[in-house]
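In this text the structure is predicted, and so the values were computed from the model without any measurement. Chain A is the first sequence line, chain B the second, and so forth, proteins listed ahead of strands; every chain is numbered from 1.
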2 protein chains.
Amino acid sequence: MMMGKMKVYADRMSQPSRAVLIFCRFNRIDFEEIKVDISKRHHLSPQFKEVNPLQKVPAIVHGSLNLSESHAILVYLASAFPGIADHWYPSDLFTRAKIHSVMDWHHSNLRHGAVNYVINTVLGPATGHPLNPKAAAEADKILSSSLSKLESIWLNGDGRFLLGFSQPSIADLSMVCELMQLEVLDEKDRSRILSPYQKVLRWIEDTRTATNPHFEEVHNILYRAKKKFEQQRSRIAETGTEPRNKMEGHSKM
Amino acid sequence: MMMGKMKVYADRMSQPSRAVLIFCRFNRIDFEEIKVDISKRHHLSPQFKEVNPLQKVPAIVHGSLNLSESHAILVYLASAFPGIADHWYPSDLFTRAKIHSVMDWHHSNLRHGAVNYVINTVLGPATGHPLNPKAAAEADKILSSSLSKLESIWLNGDGRFLLGFSQPSIADLSMVCELMQLEVLDEKDRSRILSPYQKVLRWIEDTRTATNPHFEEVHNILYRAKKKFEQQRSRIAETGTEPRNKMEGHSKM
């Protein structure tokens, strides 16, 4: 197929963007990464609206195909590019059905809880959302309930990965990237949320190991954000005052 | 394949259950429908937990496969059963990718808005949720924004169905069933929500027509619920009092 190099529009601060980038790099897909900086509202630009009318990252352009939604993108990449190992998106009907099931579950459970918790505790000011403690408390409940189901149902198999598999699928990559955003939380809070779930913690490490060095390289921006937020929190703790510009921690990343 | 007859666990008051049932009936799939009455909390029974540990409908059992999440089920059915027309889940890679994209979008947008609006205005008491006007107002916003994107982006094509297609896909069936739950709202409120979106209204009718008589037969329970809620509302309007038992309207369906 002569379709030119695929373009991936992404902001590495967005967890579904990271999942798509790690997948492309790990699988040696030839692509061009185009940064869409959400903190600078570049996702709302008229240029990006031409690429994705929904104004969300990630999005890809591959020949005449414009595609958004990270799960749809991962399924497409695993299907369209040659030489991608079957475990990423198994061709067996039963196995593939289970992968779709856990990815569908993800939307209204793990993603819903994690995104709303992080936005309403740490990331809000950097993305133009006011912090909302009541919404944070509700998201906390959904996140904990989702982690409990992840531990007892989806990771309840012999293998190290979701559904008891011995190798990662696109579902592992998507959902581990989701949980990685908890890195920006206060360390005590992150530990309170994750430490009851030992299988989940091991699974995050296993997915990281299975996809390195790409996993760490693509997450570097998040680790830098984590440090900035830590410094901001310790400045507040020392001086008892908030930084003048709440976006300072984020905008320097 | 000798797998025995497929079992579909469903409550016809659940919109994703209805989508799966209509798909099976329209495509003459040989299956057994097993009612899981949510208003009687049968989805929380130990027996059903064996079928689906997530305790949600719909779920299917087909041979050794237990599967939940209506989108995953629809994809599986369209792939696993012989003789199902290609338009339901097209095999062309680009087209299939777009179907996945709109179905992924559905979760956090149209579904999120519609479910939370209906639960927090009408259905809550019948399913054990207290009404929450603030949550209803937030859901209303998400629903309206989703309908606007549905009208201007997803239905912005030459054809009558999503993505400009001339025949329905599993995405049309899933999303139209989602919107059908608005039938239980007060008629003025339903009209306020839907009437600005003429393409959406036409698309609901086109999907209904394309899948009849199964669409209407499977929705009958919803029309009966609609009548009960209407009667309840007019009793309240006449007497100025709420019925003694708030679940009355629902439990008699």
Side-chain angles (χ1 to χ4, degrees), chain A residues 1 3 16 49 52-56 58-60 62-81 89 91-109 111-112 115-116 132 134-135 138 145-146 149-150 152-154 156 171 174, chain B residues 1 3 16 49 52-56 58-60 62-81 89 91-109 111-112 115-116 132 134-135 138 145-146 149-150 152-154 156 171 174:
Chain A
M1 281 189 285
M3 298 205 287
K49 200 172 182 177
N52 179 14
L54 293 164
Q55 302 174 295
K56 302 253 184 192
I60 65 168
H62 193 208
S64 64
L65 176 69
N66 288 41
L67 192 64
S68 64
E69 289 291 338
S70 68
H71 289 180
I73 293 171
L74 289 167
V75 165
Y76 171 75
L77 296 176
S79 309
F81 285 84
Y89 183 56
S91 50
D92 172 71
L93 269 185
F94 277 18
T95 314
R96 181 168 286 194
K98 294 296 253 181
I99 302 267
H100 284 153
S101 181
V102 68
M103 288 174 86
D104 285 331
W105 174 83
H106 179 201
H107 285 282
S108 305
N109 295 281
R111 167 156 296 167
H112 186 62
V115 166
N116 286 311
N132 178 341
K134 204 178 158 189
E138 271 167 40
S145 151
S146 301
K149 290 194 171 67
L150 193 49
S152 64
I153 298 171
W154 297 115
N156 182 30
S174 167
Chain B
M1 285 190 283
M3 298 205 289
K49 200 172 183 178
N52 179 13
L54 293 164
Q55 302 174 295
K56 302 251 186 195
I60 64 167
H62 193 208
S64 64
L65 176 69
N66 288 44
L67 193 65
S68 63
E69 289 290 338
S70 68
H71 288 178
I73 292 171
L74 290 167
V75 165
Y76 171 75
L77 296 176
S79 309
F81 284 84
Y89 182 56
S91 51
D92 172 71
L93 270 185
F94 278 18
T95 315
R96 181 168 287 194
K98 295 296 251 181
I99 302 268
H100 284 152
S101 181
V102 69
M103 289 174 85
D104 285 332
W105 174 83
H106 178 201
H107 285 283
S108 305
N109 296 280
R111 167 156 297 169
H112 187 60
V115 166
N116 287 310
N132 179 339
K134 204 178 159 191
E138 273 167 39
S145 152
S146 302
K149 290 193 171 69
L150 194 50
S152 65
I153 299 171
W154 297 116
N156 182 29
S174 167

inquiry  = As an exercise: rank B/Asn156, B/Leu65, B/Val102 by heavy-atom pairs under 4.5 Å with chain A and give me the winner.
reply    = B/Leu65
Can you tell me how far apart [atom1] ([X]) and [atom2] ([Y]) are? Round to the nearest 0.5 Å.
{"X": "A/Asn109", "Y": "B/Leu54", "atom1": "CG", "atom2": "CG", "value": "7.5 Å"}
{"X": "A/His62", "Y": "B/Leu93", "atom1": "NE2", "atom2": "CG", "value": "10.5 Å"}
{"X": "B/Ser101", "Y": "A/Asn52", "atom1": "OG", "atom2": "CG", "value": "7.5 Å"}

Region of [X] in contact with chain A, defined by heavy-atom distances below 4.5 Å:
{"X": "B/Ile153", "answer": "side chain"}
{"X": "B/His112", "answer": "side chain"}
{"X": "B/Lys98", "answer": "both"}
{"X": "B/Ser64", "answer": "both"}

query = Which bit of A/Ser68 comes within less than 4.5 Å of chain B, counting heavy atoms only: side chain, backbone, both or neither?
reply = both
message = Can you tell me which portion of A/Ser70 sits under 4.5 Å from chain B's heavy atoms? Options are side chain, backbone, both or neither.
response =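 Neither part, no heavy atoms under 4.5 Å.
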remark   = Of all heavy-atom pairs linking A/Ala97 and B/Ala72, the shortest is O-CB, 3.9 Å
query = B/His100 and side chain to side chain contact (heavy atoms under 4.5 Å, CB included): which partner among A/Ile73, A/Leu67, A/Val75?
reply = A/Val75
key: Proximity of B/His106 and A/His107 rings by center, below 6.0 Å   =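 No, too far apart.
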inquiry  = Measuring only between side-chain heavy atoms, which start at C-beta, is B/Asn66 closer than 4.5 Å to A/Phe94?
reply    = no
